[in-house]
Structures are given as structure tokens and as C-alpha cells.
Amino acid sequence: MQPETMIPASAPDPFAMLGLPPRFDLDTASIEARFRERSRELHPDRFIGAPAAERAQAMVRARALNDAYQVVRRPQRRAEALLVRAGLAIGDHERLDPAFLNEILELREELAEARVAARTDDVTRLQATMQVRQRTIEHGLAPLFAAGDPASLAHAKRDLITLRYVMRYLEECGAALDEHE
Amino acid sequence: MAYSDKVIDHYENPRNVGSLGKDEDDVGTGLVGAPACGDVMKLQIRVKDGVISDAKFKTFGCGSAIASSSLATEMIKGMTLDQAASIRNTEIVQELNLPPVKIHCSVLAEDAIKAAVDDYKKKQAARDAQA
């Protein structure tokens with residue numbers, strides 16, 4: 001399964017699809033309003049009498065529109081889409097700071113041990129720590145994208161790579177807690 | 001997606017899981033990560049007379065990443081540093097029959113071997129410089 005944060009390079013620009021400006025600071029209400037508006041234009045009811053090819057095309061576009069909406073409405077994916085636009089897409093082979101990797105490795109070990117020993121309190125504690133980290137990164141993104149200079153964007157990219165590890169970690173915490181409910 | 005039997009075998013019975021003392025002189029440590037999936041892989045080698053006498057790994061990632069690193073530790077035992085560093089990820093892909101979406105897992109294992117060899121060489125160079 002592909003991780004859902006992956007954005008194929010060939011995908012059309014999600015902001016353009018929705019007719020929204022490529023910015024990070026978009027509010028949820030206007031994103032949703034835009035999506036509904038565009039969805040209505042592609043609604044199957046409007047194509048009832050249309051030729052099959054046209055109907056099929058409308059369906060393909062409706063699906064692409066929905067994909068774009070899923071990207072733009074989530075802050076993490078919206079930010080990653082902005083990096084793609086800036087030519088800073090997160091690749092499979094980013095050089096990662098060894099100290100950071102070591103920290104993640106140790107935290108993953110701690111979680112794995114807590115999981116095996118069914119120490120739910122420890123899992124919850126690790127989860128809470130990571131959630132703080134998630135929020136800190138998410139809150140830091142708006143000013144970085146607002147600044148928009150190369151240094152700020154490079155900073156945003158580092159934070160978004162970290163965020164992927166944080167989200168992956170939180171998934172593992174969730175799985176560990178589900179086991180022992 | 002179905003995993004091949006070999007991936008499942010390595011995933012269920014991983015070889016050489018564990019750690020070597022990363023501060024020991026004859027140990028090299030490679031630490032690599034794949035941001036696309038949030039995986040992290042540590043591979044360590046112990047070197048005696050220029051030959052890899054032991055290898056251990058710890059991987060937090062998908063089945064293919066675990067299988068790739070498990071296989072990598074098996075492959076490099078008994079090899080010289082240069083032999084180990086010249087292992088290509090395609091050998092791992094073939095051996096494990098990895099599908100295209102999992103090729104990056106084998107690349108990660110190749111990178112981990114190279115990083116461990118580099119780390120060992122750096123340590124040796126530092127020690128030689130001191131001597």
C-alpha cells in the first residue's frame with residue numbers, strides 16, 4: 001500500500017483543481033465551499049443525457065477533484081503539495097540527520113518494548129509526547145510558508161519530514177493501544 | 001498486496017536481530033531512514049582482519065524493510081568490506097522478489113550496509129591518526 005502522504009509527481013496541481021490560491025493559510029470553510037461548488041459542476045445528474053465518453057470524463061474529473069480536496073484540506077498534505085510546487089518535494093532518499101534517526105530509533109524501541117509488555121501507561125505517555133511534537137510542527141508551518149523565502153521553505157521541508165516520522169509513530173501508538181483495549 | 005514467501009520467512013524469523021556496541025573499535029554502524037514511510041533501519045557490522053565477522057540489524061518499518069535488512073545481514077557475513085559495499089539493491093530485490101512499490105526498502109538496506117562500512121572505515125582512520 002502506498003502511504004497516503006505520497007503525491008505522484010504527475011498529479012495535477014491540487015490548488016489549481018479547486019481554483020484556490022496555492023497558500024498554506026487557507027481556512028477550512030472556504031476550502032470546503034470551493035470543493036462543493038466544483039463538485040456540483042461535475043455532478044453525475046448534470047450528465048444524464050450526455051454521451052458516454054463525456055460522462056466517463058466527468059467521473060474521472062470528479063475523482064481527481066476529490067483527491068485534490070483530500071490533499072488541500074489536510075494541513076500536512078497541503079504543506080507537502082506546496083513543497084512540490086516549490087520544487088522541494090520530499091523524496092524517498094532524503095539525507096536525514098543521524099542524530100534524529102537515532103532518536104526515532106530509540107523511541108520506536110521504547111514503544112515496541114512497552115507494547116510487548118502491555119504497559120499501556122507508557123504507550124500513552126509516548127503518544128502524548130509525540131502529539132505535542134506534532135502540534136508544534138503544525139503550528140510552525142504557517143509562518144514558514146508565509147515567509148516563503150528559500151531558507152524558510154527548506155526549514156518547512158525538514159519539519160515536514162520529521163512530521164512524517166511523528167505521524168508514523170502515532171500510528172504505531174494507536175495500534176499498540178488498540179491491542180490492549 | 002501479497003508478500004513473497006521469502007519476505008514472509010525473513011519477516012517472521014528475522015536473522016541477526018539485535019545490536020552491537022556502537023562505541024567498540026571493531027564495530028561500524030549504519031543508520032538510515034525512508035521519509036516516505038517513516039521507516040528507520042540500523043545495521044551494524046563487526047570486522048575482524050578486514051572481514052565482516054558478525055552483523056546485526058534493527059528495523060522499524062514494513063515487512064519488506066525488515067526482510068531486506070535481515071537478508072542484508074546474512075549476505076554480508078564473511079565478506080570483505082569492499083565486497084559488502086558493492087552489494088546492489090537489485091540483488092536483494094531478486095532474492096526477495098520485491099514488487100516495484102517496495103524497491104525503496106532494498107535501497108534502504110543497500111544504503112545501510114554502505115553507511116556501516118563508512119562508519120567503520122572512519123573509526124579506523126581516526127584510530128590510525130591517533131596512533
Side-chain angles (χ1 to χ4, degrees), chain A residues 1-9 76-77 79-80 83-84 88-116 126 130 133-134 137 156-176, chain B residues 1-3 7 11 14 17-23 27-44 56-66 68-69 89 93 98-116 118-120 122-123:
Chain A
M1 198 186 74
Q2 296 272 349
E4 66 164 0
T5 42
M6 213 116 107
I7 301 160
Q76 182 186 5
R77 298 191 66 188
E80 290 190 357
L83 286 184
V84 171
L88 292 171
I90 298 173
D92 275 349
H93 296 285
E94 302 290 344
R95 281 267 155 258
L96 299 171
D97 176 18
F100 168 69
L101 282 176
N102 207 35
E103 188 199 351
I104 291 291
L105 187 84
E106 279 170 10
L107 285 166
R108 289 288 291 263
E109 274 174 351
E110 211 178 323
L111 178 62
E113 280 161 21
R115 185 176 183 170
V116 168
L126 290 164
M130 274 301 186
R133 210 151 159 184
Q134 176 197 353
I137 293 174
K157 181 173 175 173
R158 277 199 305 279
D159 282 356
L160 283 163
I161 289 174
T162 306
L163 187 58
R164 284 194 179 184
Y165 277 90
V166 168
M167 299 313 283
R168 183 77 192 84
Y169 195 88
L170 287 171
E171 262 175 45
E172 288 294 310
C173 291
Chain B
M1 188 194 64
Y3 282 120
V7 170
Y11 177 68
V17 174
S19 290
L20 301 170
K22 71 174 169 53
D23 297 324
V27 170
T29 301
L31 195 53
V32 293
C37 32
D39 287 354
V40 55
M41 183 182 286
K42 180 177 80 171
L43 189 147
Q44 294 181 300
K56 297 272 184 212
F57 82 94
K58 250 183 196 179
T59 293
F60 292 95
C62 66
S64 300
I66 291 168
S68 294
S69 36
N89 78 297
V93 172
L98 293 178
V101 293
K102 293 294 181 183
I103 286 175
H104 69 273
C105 299
S106 68
V107 177
L108 206 58
E110 180 191 319
D111 290 348
I113 297 173
K114 289 192 165 69
D118 281 351
D119 182 57
Y120 174 80
K122 265 187 206 140
K123 263 189 192 173

Proximal component of A:I90, with respect to chain B [non-hydrogen, under 4.5 Å]:
side chain
With a 4.5 angstrom heavy-atom cut-off, which part of A:E172 approaches chain B: side chain, backbone, both or neither?
neither
Using modelled atom types and a 3.5 Å cut-off, is there a donor and acceptor pairing between side-chain atoms of A:Y169 and backbone atoms of B:G38?
no
Chain B contact via A:L96 - which portion, at a heavy-atom distance below 4.5 Å
side chain
B:D39 CG to A:R108 CZ distance, which is reported to the nearest 0.5 Å
7.0 Å
Residue pair B:K42 / A:L105: nearest heavy atoms and the distance that separates them:
CD-CD2, 3.6 Å
Value for OG (B:S19) from CD (A:E109), rounded to nearest 0.5 Å, stands at 6.0 Å
Other residues, nucleotides and ligands only: do more than 12 of their heavy atoms fall within 6.0 Å of OH on B:Y11?
no
Heavy-atom pair of closest approach, residues B:L31 and A:L101:
O-CD1, 3.6 Å
So CZ of B:F60 and CD1 of A:I104: to nearest 0.5 Å the spacing works out to 11.0 Å
Minimum heavy-atom distance between A:I161 and B:P35, given as atom pair plus value
CG2-CB, 3.8 Å
